[in-house]
Student: 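Below is a structure I'd like to ask you about.
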Amino acid sequence: MGLDEAPRPVAYASVTEAPKLRYKPTLTVPEAVVAAGIEGTVELLLTIDAEGKVIEIEVVARLSPEADAACVATGAAVLRYRSAISTAA
């Protein structure tokens, strides 16, 4: 699901440069996911505050409850972005 298909309205700001990922940790895959042989992708919709911290996470493409939870926990705990640069004067 892309942003144009988000289940609720998404607020946009006018920016000249989008937020950029500053730190991306290695995801620890839960044992239950490995044991079940589950492979795939979890897609997250992130809300990032002015300081580049993730303040809200929504799973928009699920894989398994364990994998989804691991991705959300990692995103909330350690993903950090460089703030967007606004076009406003």
Side-chain angles (χ1 to χ4, degrees):
M1 174 183 296
L3 286 178
D4 58 332
E5 302 170 17
R8 59 183 163 70
V10 176
Y12 293 95
S14 179
V15 297
T16 56
E17 194 171 325
K20 290 189 179 174
L21 189 61
R22 290 190 327 200
Y23 176 69
K24 180 183 175 186
T26 301
L27 177 65
T28 301
V29 180
E31 290 291 328
V33 174
V34 174
I38 298 170
E39 295 183 12
T41 302
V42 175
E43 292 183 26
L44 305 174
L45 178 61
L46 308 175
T47 302
I48 304 164
D49 70 10
E51 287 76 42
K53 182 179 178 186
V54 176
I55 58 171
E56 183 180 348
I57 300 175
E58 180 180 344
V59 180
V60 294
R62 299 181 180 279
L63 182 59
S64 75
E66 296 86 0
D68 299 348
C71 291
V72 169
T74 298
V78 293
L79 284 178
R80 295 291 178 267
Y81 288 81
R82 181 187 52 74
S83 299
I85 299 171
S86 176
T87 57

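The structure displayed is predicted, hence computed values, not measured ones. Just so it is clear, the values below take in all heavy atoms, side chains as well, and ignore hydrogens, waters and symmetry mates.
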Student: Which residue pairs pass the salt bridge (charged side-chain N to carboxylate O under 4.0 Å, His left out) test when at least one of the two sits in residues 65-74, sequence neighbours left out?
Tutor: Arg62-Asp68

Student: Listed by chain and number, what are the side chain to side chain contact (heavy atoms under 4.5 Å, CB included) partners of Val72, not counting sequence neighbours?
Tutor: Leu44, Ile57, Val59

Student: Starting at CD of Glu56, measure out to CG of Leu46 and round the result to the nearest 0.5 Å.
Tutor: 9.5 Å

Student: Among residues at least two apart in sequence or on other chains, which ones pass side chain to side chain contact (heavy atoms under 4.5 Å, CB included) with Ala67?
Tutor: Val33, Val42, Leu63, Ser64

Student: Work out which heavy atom in Ala70 is nearest to a heavy atom in Leu27; give both atom names and the distance.
Tutor: O-CD1, 3.7 Å

